[in-house]
Amino acid sequence: MQAIMETAFDAVYLITVLFLGIRMIRMSGKNTQGRLFGIMAVVLGCGDAFHLIPRAYALCTDGLAAHAAALGMGKFITSITMTVFYMILYYVWRKQYQITGRRLLTGVMYALAAVRIILCFLPGNRWLDADAPLSYGIYRNIPFALMGIIIIVIFYQEARRQNDRVFRYMWLAVLLSFGFYIPVVLFADAVPAIGMLMIPKTCAYVWVVWMGYRNCRKNR
């Protein structure tokens, strides 16, 4: 039952974000912000596919333990693409609210992204092992969480300041995504049931993409 339900959910998720992403790219025209959001959605969907498709295959065949290497490589790729996702979302914020300057903030975002990616490449992550160390999972997610905090704060401030009704809850969607994700990183190995939090976390990302799609349609 888990295999069927999880596979169906993941399939709907991937199809939805990829469809909306491609749709935004095609309908954006000269709207740079819309194109950025579309690319961001495609990056999200393609990156997650590297983890979710092997996971679905494992669940429907001989189990997760037999596919540790494929699942680990999928997690590695997803970790990189999610970093790119938040960098693109940062530039969506700049385009949406016509932000200029802020070189220090931009530098901090790039620095955090670089640290995150470097940490992901360290051999201590042991991506291909079934018993990858929790410590490295925490290390590589510290700069990632800091990127998320920055995105939450800047979207909250500008959406409120400019009374942006389309993106007014962008900060909340990102906050929820991290709120559901962090317990999984910390406790899912010890308590597998906590892994179910990835479902609302995924829904939060769909919400992010949907807000971008609504904004793109509005600005056609």
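Each residue takes its place number in the sequence, starting with 1. The structure displayed is predicted, hence computed values, not measured ones.
The structure places CZ of Arg55 at 12.5 Å from CG of Asp48, a figure rounded to the nearest 0.5 Å. Between Leu112 atom CG and Tyr90 atom OH the span is 11.5 Å, to the nearest 0.5 Å. Of the inter-residue distances, the one linking Ser28 atom OG with Arg23 atom CZ reads 10.5 Å to the nearest 0.5 angstrom.
Thr78 contributes no side-chain N or O that, together with a main-chain N or O of Lys75, makes up a donor-acceptor pair within less than 3.5 Å. For Arg116 (side chain) and Arg140 (main-chain N/O), a donor-acceptor pair under 3.5 Å exists by modelled atom type. Distance alone, capped at 3.5 Å, is enough to place a donor-acceptor pair between the Trp127 side chain and the Cys120 backbone. Judged by distance alone, with hydrogens and angles left aside, the side-chain atoms of Asn125 form a donor-acceptor pair with the main-chain N or O of Leu122 at under 3.5 Å.
Residue Tyr156 places its OH atom among 12 or fewer non-hydrogen atoms of other residues, nucleotides or ligands, all under 6.0 Å distant. Annotation: Tyr57, atom OH; neighbour count of heavy atoms from other residues, nucleotides and ligands within 6.0 Å does not exceed 12. Heavy-atom contacts from other residues, nucleotides or ligands closer than 6.0 Å to CZ of Phe9 number more than 12. More than 12 heavy atoms of other residues, nucleotides or ligands shown are found within 6.0 angstrom of OH on Tyr13.
There is no path of hydrophobic side-chain contacts, each under 4.5 Å, that joins Tyr139 to Phe76. Using a 4.5 Å cut-off between side-chain heavy atoms of Ile, Leu, Val, Met, Phe, Trp and Tyr, with links allowed through other members, Val185 and Ile80 fall into different hydrophobic clusters.
Ring planes of Phe178 and Phe144: tilted class, angle from 30 to 60°. Ring planes of Tyr205 and Phe85: perpendicular class, angle over 60° (limits at 30 and 60°).
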